[in-house]
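Right, one structure below, let's go through it.
Computed from a prediction, not measured in an experiment: that's the story for all the values here. Chain A is the first sequence line, chain B the second, and so forth, proteins listed ahead of strands; every chain is numbered from 1.
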Amino acid sequence: MTSVLQNHFLIPLEDFTQNPDCNFRGREQECVSLIKKCKNLEEFKQAHAQTLKLGMFWSSFVASNLVATCALSNWGSMDYACSIFRQIEEPSSFAFNHMIRGHVKDMNLEQALQVFDEMLECGVVPDNFTYPTLLKACANLPALKEGKQVHGHSFKLGFGDDLFVQNSLINMYGKCGEISLSCAVFDKMVQRSVASWSALIAAHASLGMWGKCLEIFRGMSSEECWRAEESILVNVVSACTHLGALDLGRCTHGSLLRTMSGLNVVVETSLMDMYVKCGSLNKGLFLFQRMIEKNQMSYGVMISGLAMHGQGPEALKLFDEMLEQGLKPDDVAYVGVLSACSHAGLVEEGLKYFGRMKLEHGVISTVQHYGCMVDLLGRVGKLKEAYELIKNISIEPNEVLWRTLLNACRVHQNVEIGEVAARELSLLDSGNAGDYVVLSNLYAQSHSWRDVAKTRKEMMCKGLIQTPGFSLVEMKRKVYRFVSQDVSFPKCDGIYEMIHQMEWQLKFEGYSPDTSVVLHDVDEEEKRRRLSSHSQKLAIAFALIHSSQGSPVRIVRNVRMCSDCHIYTKLISSIYDREITVRDRNQFHHFKDGTCSCRDCYQ
DNA sequence: ATAGGGTTAG
């Protein structure tokens with residue numbers, strides 16, 4: 001028996017073909033709105049059946065919309081969409097575009113590219129909607145070669161000036177690691193949107209080009225279209241964290257508070273991390289305590305933050321609290337816990353946590369965890385135990401582990417194990433000049449001058465140069481970068497005079513430069529000259545000149561400071577009555593009244 | 001004739 005509905009709607013197909021005006025478009029529209037109303041796959045199947053019953057399925061407009069809805073809805077299915085798509089005799093670019101989008105949504109990126117190939121084979125001309133999605137597929141693969149081809153293709157078809165295409169290109173090149181091409185596209189744009197800036201900033205952030213991030217953000221702020229967006233500001237906060245730019249970080253915090261009605265966990269955690277890593281532990285703690293929703297990551301950030309600032313026992317207390325809250329610690333939280341133990345010299349606790357890690361929380365030990373353990377044992381002089389640990393490790397030991405052991409051997413003057421570590425390092429052929437420096441210092445301390453000479457010679461023969469160390473200092477919301485021996489910066493006016501004055505005063509405090517840390521084959525005077533232009537000293541001189549009396553000085557470094565800079569900074573903090581905070585690769589040094597919070601375990 | 005680009009924490 002035929003239903004009322006069918007009698008009412010069913011129109012013979014020939015009517016449509018013979019008389020396109022018999023309200024055919026209207027019926028197509030009705031079908032499409034029926035399709036778009038579907039809330040789940042069940043309803044969608046009914047709608048699909050309806051179009052078949054009504055004879056409307058053979059309208060490619062209707063079928064394309066079935067494909068579109070099924071491909072893009074979260075309840076949809078690409079298999080289903082595909083089976084409909086295959087029944088369309090001459091699919092339009094609209095249908096192809098949605099097949100591509102559907103595959104990209106499901107992260108079947110290669111299939112997305114295949115559909116594009118098919119589109120070209122069928123002679124369907126891509127339009128301005130095709131390229132953004134296609135470029136997203138290239139970006140997420142990532143596939144630079146294909147991306148470039150798509151770029152060229154879109155250009156040939158006249159979409160070189162399309163805003164959406166260009167924004168997708170910035171993203172694609174960024175994800176493929178070709179940041180200069182991202183910039184090239186961006187620079188050529190006549191008109192830009194927030195998405196253009198967002199893509200460019202995110203691209204630089206993902207590559208760790210933090211200084212550039214801030215530069216671009218500044219450029220954005222002076223544009224008319226500028227709008228503070230949460231995602232952009234979080235990247236800016238992250239840049240501030242890495243650069244140690246506390247003042248700019250504070251400003252960005254202000255922008256967030258002004259723009260957003262409330263801050264979510266992600267934003268709050270990034271802010272917390274910024275304060276902690278820029279040296280303001282208390283502000284970070286304050287934010288943490290007031291957070292309504294804390295998750296695994298917020299705890300992880302705070303635990304490693306406390307560890308970095310030398311507050312081991314507090315870090316462990318927080319870890320216990322995390323467990324009480326029913327949160328599962330992950331590998332990063334454990335790195336924080338273990339480094340807290342090592343900074344505080346809590347050997348027994350460290351071993352206990354290391355054992356619990358896998359047993360209780362199923363966290364697989366990574367090289368970082370082993371690194372903490374080697375450091376923990378090495379710091380208290382348990383060098384043999386540390387060496388055994390590396391030997392019996394289940395994963396391939398990397399250079400960081402051997403380097404940590406070598407350092408510990410230098411501190412505790414164990415030549416025997418130190419030589420083993422150095423040999424392993426040279427086998428790994430990392431080409432790190434610092435390793436030779438540490439080994440030669442170890443020999444120097446035990447007065448094995450022939451070995452010192454041999455080590456230095458080996459280093460020279462390999463043509464190794466020490467990683468250029470730099471120090472960052474923020475002044476009036478700008479970050480200045482100092483490299484050792486560098487005189488080329490514009491703001492260097494007065495720095496050398498200041499250095500001279502500082503050294504004069506240091507002499508009265510009994511300071512004499514420790515030229516043994518300079519391993520270049522130059523005379524004593526040249527060594528002293530080089531020592532006095534270490535980047536940290538330049539940065540301190542700059543900060544003392546450009547900030548008011550008594551205000552704290554904050555410095556961020558890429559590598560550890562040398563022992564001469566450490567003692568120098570201690571004395572400067574007392575002579576000039578300044579608190580000086582230096583962040584290196586793994587910890588903070590709070591210099592105050594001639595002492596340092598690291599208890600001189602800086603190596 | 002329908003639609004689209006960027007996007008966040010250690």
Side-chain angles (χ1 to χ4, degrees), chain A residues 25-26 28-29 31-33 35-36 59-69 71-72 92-102 104-105 126-136 139 154 159 162-172 174-175 182 185-186 189 192-203 205-206 220 227 229-242 252 256 260 263-274 276-277 284 287 291 294-305 307-308 329-336 339 368:
Chain A
R25 286 231 155 164
E28 279 182 319
Q29 291 294 353
C31 281
V32 169
S33 60
I35 293 164
K36 286 187 177 165
S59 142
S60 71
F61 181 70
V62 171
S64 299
N65 276 286
L66 281 168
V67 169
T69 306
L72 294 191
S92 58
S93 61
F94 178 84
F96 273 108
N97 290 346
H98 279 90
M99 284 301 288
I100 296 173
R101 280 187 71 192
V104 172
K105 182 181 140 271
D127 56 25
N128 53 327
F129 290 96
T130 313
Y131 294 103
T133 354
L134 200 57
L135 287 167
K136 198 174 180 176
S154 70
F159 299 114
D162 186 284
L163 183 62
F164 288 75
V165 174
Q166 286 171 316
N167 289 344
S168 309
L169 281 169
I170 295 170
N171 175 46
M172 186 274 291
K175 294 264 159 66
S182 292
V185 173
F186 183 84
M189 289 171 84
R192 295 174 186 134
S193 62
V194 181
S196 324
W197 295 93
S198 168
L200 194 68
I201 290 175
S206 72
M220 181 185 178
R227 196 168 73 230
E229 275 199 6
E230 191 179 77
S231 61
I232 294 179
L233 292 177
V234 167
N235 270 327
V236 172
V237 170
S238 201
C240 293
T241 308
H242 288 90
T252 316
L256 279 161
M260 308 293 146
L263 304 184
N264 60 28
V265 212
V266 175
V267 180
E268 283 191 308
T269 306
S270 70
L271 284 167
M272 203 177 82
D273 190 44
M274 185 273 293
V276 171
K277 295 225 174 93
L287 278 189
M291 275 171 83
K294 295 173 194 162
N295 62 16
Q296 190 188 45
M297 248 201 226
S298 346
Y299 271 96
V301 165
M302 205 61 233
I303 291 168
S304 34
M308 274 184 105
D330 62 1
D331 54 336
V332 184
Y334 263 108
V335 170
S339 73
Q368 278 181 298

Margin query: Should the side chain of A:Ser270 and the base of B:dA9 be counted as holding a donor-acceptor pair, with the cut-off at 3.5 Å?
Written below: no
Checklist line | Separation of atom CG in A:Asp273 from atom P in B:dT8, rounded to whole Å | finding: 16 Å
Next item on the list: Return yes if the base of B:dA9 and the side-chain atoms of A:Asn295 contain a donor-acceptor N/O pair under 3.5 Å, otherwise no.
Entry: yes
Next item on the list: Between B:dA9, B:dG10, B:dT8, spot the one nearest the side chain of A:Asn264, thanks.
Entry: B:dT8
Margin query: Does A:Val266 reach a base, just sugar-phosphate, or nothing at all? Heavy atoms under 4.0 Å.
Written below: base
Notebook entry, point to check: So what does A:Ala333 hit on the nucleic acid, given a heavy-atom distance under 4.0 Å: a base, only sugar-phosphate, or nothing?
Noted result: base
Notebook entry, point to check: With no hydrogens and no angle check, is any side-chain donor or acceptor of A:Asp331 less than 3.5 Å from a backbone partner on A:Tyr334?
Noted result: no
Notebook entry, point to check: Taking the side chain from A:Ser238 and the backbone from A:Val234, do they hold a donor-acceptor pair closer than 3.5 Å?
Noted result: no
Margin query: Please encode protein proximity along nucleotides 1-6 of chain B as a string of B, S and -, counting only heavy-atom distances under 4.0 Å.
Written below: BBBBBB
Check: Does A:Ser339 reach the main-chain N or O of A:Val335 with its side chain, forming a donor-acceptor pair under 3.5 Å?
Finding: yes
Next item on the list: Kindly give the heavy-atom pair with the smallest separation between A:Thr133 and A:Arg101, and that separation in Å.
Entry: CG2-CG, 2.8 Å
Check: Mind checking whether A:Met302 and A:Lys294 have side chains closer than 4.5 Å, heavy atoms only?
Finding: no
Next item on the list: Answer yes if the side chains of A:Asp273 and A:Ser270 hold a donor-acceptor pair under 3.5 Å, and no otherwise.
Entry: no
Next item on the list: Rounded off to whole Å, could you give me the CG-to-P distance for the A:Leu287 and B:dG10 pair?
Entry: 15 Å
Item checked: Length of the CG-C1' vector between A:Asp330 and B:dA9, whole Å -> 13 Å
